[in-house]
Amino acid sequence: MTFRELADRVLSGIPLSDDDVATVAHATGTDVDDLCAQALRVKEHVFANRVSLCSIINAKSGRCSEDCRFCAQSSHHATQSPHYPFVGAKRILEAAQAMKAAGASRFSVVTSGKGLSDADFDELLDTVRGIRALGLAADASVGILAPERFAALKRAGLSGYHHNLETARSFFPAICTTHDYDEDVQTVRDAMAAGLYVCSGGLFGMGESWAQRAELARTLAELGVPSVPVNFLHPIPGTPLATRPVLSPEEAAKIVALLRLMLPDRHIRICGGRPTVFGEDRMRVLRCGASGLMIGDYLTVKGNAVAADLADLQAMGLEAENR
Ligand code: SF4
């Protein structure tokens with residue numbers, strides 16, 4: 001079967017089989033170009049020329065109790081990553097104002113750790129109200145929360161919640177041993193039950209197989225999340241994955257295309273690792289099926305200049321949208 005036929009099947013509602021996933025995995029050379037062109041066709045069928053933009057602030061960094069093997073912020077690894085407590089509403093609102101001026105329409109508050117103290121959570125509620133007052137949609141990613149906290153955030157005006165599953169259930173024990181995959185899945189379910197727009201995706205290039213990439217995509221499809229953040233490993237010195245090779249641009253492009261074909265109507269949103277993998281060709285992700293970008297800096301790694309990303313989008317004839 002050609003990739004055009006595969007894309008036609010996807011558009012008619014037929015999901016990818018394991019054999020289809022293997023065909024994507026084995027594509028090389030001009031076949032990758034063909035795969036990406038067909039993934040772009042599916043993206044344009046669903047989202048036309050729109051690209052969803054978002055931006056974040058790392059509002060509480062480091063000293064996390066969890067042992068995620070890729071993460072600069074885990075207290076289990078000796079990294080040079082900064083650590084500081086919750087920075088508070090004032091600093092966050094200054095950053096939100098700057099990102100609004102740069103063109104973002106949503107702003108997400110991200111904190112390290114499994115959850116927030118009561119005092120930090122109360123300040124987060126004030127922060128959410130402040131971001132809303134600036135005219136931005138407010139999102140958050142503050143770990144594993146109880147349903148009551150999701151309800152409180154929703155009442156404060158929170159629009160979206162971000163909680164990655166990180167990887168496939170079958171690969172998760174090789175990545176994190178301090179909490180259970182089901183806690184992450186339940187958090188995603190609870191956020192959706194609270195009526196929040198939920199972003200949940202993962203990190204690629206940690207040694208997972210293509211079958212495990214497809215496994216994660218199927219889990220996300222079942223959960224029904226509307227937005228799937230995609231991160232590529234940026235190996236951090238001091239973490240157990242420090243010496244893993246960076247994904248090649250070709251393999252990362254195939255991952256984006258696979259996700260587009262497996263999750264045709266969800267936003268595939270490229271976040272951390274884009275400059276690490278793609279360098280100057282940083283907009284390639286938008287030619288292989290992605291429909292969203294995180295702009296500005298990432299959690300512990302600098303991103304591209306916002307103005308450069310926005311100029312590139314304009315040159316490509318793409319239109320930034322709120323969602
Ligand atoms: S990914 Fe999140 S939970 Fe895991 S170590 Fe990093 S900050 Fe902690």
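Here the structure is a predicted model, which is why all the values come from computation and not from measurement. We count ligands from 1, going down the list as the structure has it; atoms in each ligand are counted the same way.
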Problem - Metal check, atom 6 (Fe) of ligand 1 vs Cys68 N/O/S, cut-off below 2.8 Å - result: no
Problem - Test applied, salt bridge (Lys or Arg N to Asp or Glu O under 4.0 Å); reference residue, Arg149; option that passes from Asp120, Asp118, Asp122 - result: Asp118
Fill in the blank from the handout: Nearest non-hydrogen protein atom to atom 6 (Fe) of ligand 1, with distance, is Cys71 SG, 2.3 Å
Handout entry: Modelled atom types, side-chain donor and acceptor of Gln212 and Ser170, under 3.5 Å
Key = yes
Practice task
Classify the side-chain pair Ser291/Arg260 by whether it contains a donor and acceptor separated by less than 3.5 Å.
Solution key: yes
Fill in the blank from the handout: ligand 1 atoms nearer than 4.0 angstrom to some heavy atom of Phe70 are 1 (S)
Fill in the blank from the handout: atom 8 (Fe) of ligand 1 has as its nearest protein heavy atom Cys64 SG, 2.2 Å
Exercise for the section: Please indicate whether Glu5 has more than 12 foreign heavy atoms, meaning atoms of other residues, nucleotides or ligands, lying under 6.0 Å from its CD. Expected result: yes
Exercise for the section: Establish whether atom 2 (Fe) of ligand 1 and some protein heavy atom are separated by less than 4.0 angstrom. Expected result: no
Exercise for the section: Determine whether Ile131 and Val109 make a side-chain contact, defined as any pair of heavy atoms from C-beta on separated by less than 4.5 Å. Expected result: yes
